[in-house]
Amino acid sequence: MPARREKIQVEYVSINPTGPMHVGSGRNGAIGDTLANILIAAGHDVQREFYINDNGSQVHHFGASLFARYAHARGKDEPFPEDGYQGAYVAEMGKQFAAEYGEKFLQMPRAQAVREIGRAGIEIVVTALRATLEKMNVRFDNWFSERALFESGLFDQVFQSLKDKGLIYDQDDATWFAATKLGLEKDAVIIRSPNVIAEPDERPTYLAGDIAYVWNKLAVRAFDRAIYVWGADHHGDVPRVLAAAKALGLDVARITILIYQFVNLKRGGEMVRMSKRTGEFITLDELIDDVGADAVRFMLVSQSLNSTIDFDLEIAKQQSDVNPVYYVQYAHARIAGILTHAAELGASPQEGDVKLLTHAAELELIREMLRYPEIVELAATNLEPHHLAHYAIELAGTFHSFYKQCRVLSSDPADAALTRARLKLILAAKQVLANALGLIGVRAPETM
RNA sequence: GUCCCCGUAGCGCAAUUGGAUAGCGCGCAGCCCUGCGAAGGCUGAGGUUGCGAGUUCAAGCCUCGCCGGGGACGCCA
């Protein structure tokens, strides 16, 4: 148990809901969800959150792309936006909308149509994201809308607060956050110039949302701690958010932004170039269907956040041995098999006397099980989910070794007491394996 | 140019925050199923932890400098 039960929010995935997930987001989900599980196991009060970027320019871009595809599907001539989303899924959605809504979006002013179709599209994508994440056992307690930060007036409030502190200024028609006054190297635009974007509600940059959001987390909702899971490409944003939080009077020690490195997809050693434009794009969904949810999740969570993951499709598919998740699951299923057999024989772990467990392999297994709480605490303290995966492998190995050396079931009545003791032992081992796998979000199967 | 991550056995990765003989999986050379699941167990080969200095009783881990790989430095998300 921790010294103090903290109210912790873990926010993860939070990708733009404008397209399917790729493997990197899968890593984010595996990390975040596992971390949340671990913190709960360590005795904390945890809330899991997905931040939906449903505000501003990305909705516009997505909406404009979708509108164009929709219009085409209705036989109308509509120019496709230059920086639009070219993925086939957008065209597919455009067709769906054409069938479902008919002329509806063509009968309203274009700006309104783009906005409405964009929002409708995002809703559909979010539903799809949710389904993909569910497959991987990645769950959330709350889906938080970025737009709400602006519509509720919270952004205006923190903006004013920064302004009062002299940290906001206008230049080149844009509004800037004076990060240099807080020791950073550059200032950053917080509200874009009208020359760049016409629609007022699309002018706030991501930084604007991030600042309002951190205030919402720590001041409004009063979490003791806010943990973010971000990809390496966002590491440059960290100092700005922290600086802004500090300027608002928040204790930055309550904020932890975890940065994980990229996932490279490979096929037989060759890098698979992921490009939304060219269409050579392997979605997380396809990967899960191909490789299996347990294998994908285990792989993504078993490596330290600091190391880049090379995910080779050939290896992951063809040689399942390469993925130790089966090794661990096999240990669990093996125990389940013995227990089933034991029940058939009428043997029971009831009243098993652990004092009879004196074999070196038995003691080793007990020792390994006793490490579990220590590992959970280590992972919770350091926010390092990968320890659980490695521990699970080691526990499975210890069990397999025990299994070879010590027979559990015996038909000899003279062994009855030892059998009960060993049944008790493996029942415990099964539970610990299931617990470890549960934290990782991987199934603990009774049979394989 | 500045900043972040990585470099550990042929390959993929660990190493409980600086501690004793650096571990695990795959692969490789062998061995073990006429009794509980061989998706398993056992034995063996394979390491100057990228290179060079430094700090320390002690460095894979900390500091500095190189080399190599990846990422970030937008009125993009």
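Numbers restart at 1 for each chain; the letters A, B, ... are given by sequence-line order, proteins then strands. It should be emphasised that the depicted structure is a prediction, and the values quoted were computed from it without experimental measurement.
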Checking contacts here: which listed nucleotide ([options]) is nearest the side-chain heavy atoms of [X]?
{"X": "Val196(A)", "options": "rU2(B), rG40(B), rC76(B)", "value": "rC76(B)"}
{"X": "Ala232(A)", "options": "rG40(B), rC36(B), rG71(B)", "value": "rG71(B)"}
{"X": "Gln261(A)", "options": "rC36(B), rC5(B), rG37(B)", "value": "rC5(B)"}
{"X": "Arg192(A)", "options": "rC75(B), rG41(B), rA14(B)", "value": "rC75(B)"}
{"X": "Tyr330(A)", "options": "rC36(B), rC75(B), rA38(B)", "value": "rA38(B)"}
{"X": "His235(A)", "options": "rG71(B), rG40(B), rU16(B)", "value": "rG71(B)"}
{"X": "Arg334(A)", "options": "rA38(B), rG71(B), rC36(B)", "value": "rA38(B)"}
{"X": "Met448(A)", "options": "rG40(B), rC5(B), rA39(B)", "value": "rA39(B)"}
{"X": "Asn306(A)", "options": "rA38(B), rC5(B), rC36(B)", "value": "rC5(B)"}
{"X": "Val408(A)", "options": "rC36(B), rC75(B), rG40(B)", "value": "rC36(B)"}

Indicate, with a heavy-atom threshold strictly under 4.0 Å, whether [X] touches base, sugar-phosphate, or nothing.
{"X": "Asp173(A)", "answer": "nothing"}
{"X": "Glu446(A)", "answer": "base"}
{"X": "Thr175(A)", "answer": "nothing"}
{"X": "Ala333(A)", "answer": "base"}
{"X": "Gln329(A)", "answer": "nothing"}
{"X": "Asp310(A)", "answer": "sugar-phosphate"}

Does the side chain to side chain donor-acceptor pair (under 3.5 Å) test come out yes or no for Tyr213(A) and Glu49(A), once each step is laid out?
CA-CA 12 Å; Tyr213(A) 193 28; Glu49(A) 185 151 300; 2.6 Å; yes
Within this structure, what is the [atom1]-to-[atom2] distance between [X] and [N], rounded to whole angstrom?
{"X": "Asn195(A)", "N": "rG74(B)", "atom1": "CG", "atom2": "C1'", "answer": "16 Å"}
{"X": "Leu242(A)", "N": "rC3(B)", "atom1": "CG", "atom2": "C1'", "answer": "15 Å"}
{"X": "Glu146(A)", "N": "rC76(B)", "atom1": "CD", "atom2": "C1'", "answer": "13 Å"}
{"X": "Ile335(A)", "N": "rC36(B)", "atom1": "CD1", "atom2": "P", "answer": "16 Å"}
{"X": "Arg240(A)", "N": "rC75(B)", "atom1": "CZ", "atom2": "P", "answer": "10 Å"}
{"X": "Asp415(A)", "N": "rC36(B)", "atom1": "CG", "atom2": "P", "answer": "16 Å"}

Look at [X] and [N] and indicate whether a side-chain polar atom (N or O) is within less than 4.0 Å of OP1 or OP2.
{"X": "Ser307(A)", "N": "rA14(B)", "result": "yes"}
{"X": "Arg422(A)", "N": "rC36(B)", "result": "no"}
{"X": "Ser401(A)", "N": "rC42(B)", "result": "yes"}
{"X": "Gln303(A)", "N": "rC13(B)", "result": "yes"}
{"X": "His234(A)", "N": "rC73(B)", "result": "no"}
{"X": "Tyr403(A)", "N": "rA38(B)", "result": "yes"}

Exceeds 12 heavy-atom contacts within 6.0 angstrom, atom CD of Glu351(A):
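No.
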Atom NZ of Lys181(A): over 12 foreign heavy atoms under 6.0 Å
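Incorrect, the count does not exceed 12.
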Who is the Watson-Crick or G-U wobble partner of [N], with both distances under 3.5 Å?
{"N": "rC62(B)", "answer": "rG54(B)"}
{"N": "rG18(B)", "answer": "none"}
{"N": "rU2(B)", "answer": "rA72(B)"}
{"N": "rC24(B)", "answer": "rG12(B)"}
{"N": "rC36(B)", "answer": "none"}

Is the Lys NZ or Arg CZ of [X] less than 6.0 Å from the centre of [Y]'s six-membered ring, within 45° of the axis?
{"X": "Arg334(A)", "Y": "Phe399(A)", "value": "no"}
{"X": "Lys217(A)", "Y": "Tyr228(A)", "value": "yes"}
{"X": "Arg27(A)", "Y": "Tyr260(A)", "value": "no"}

Hey, is the main chain of Asn137(A) close enough, under 3.5 Å, to the side chain of Arg297(A) for a donor-acceptor pair?
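Yes, the answer is positive, given that a donor and an acceptor are paired below the 3.5 Å cut-off.
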Interatomic distance at P, rG10(B) relative to rA45(B), whole Å:
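It comes out at 15 Å once rounded to the nearest Å.
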Just confirming the chi classification of rC33(B), syn or anti, using 90° around 0 as the syn window.
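The base of rC33(B) is oriented syn (glycosidic angle within 90° of 0).
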Please work out whether the ring planes of Phe159(A) and Phe155(A) are parallel, tilted or perpendicular, with thresholds of 30° and 60°.
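Plane angle between 30° and 60°, so tilted.
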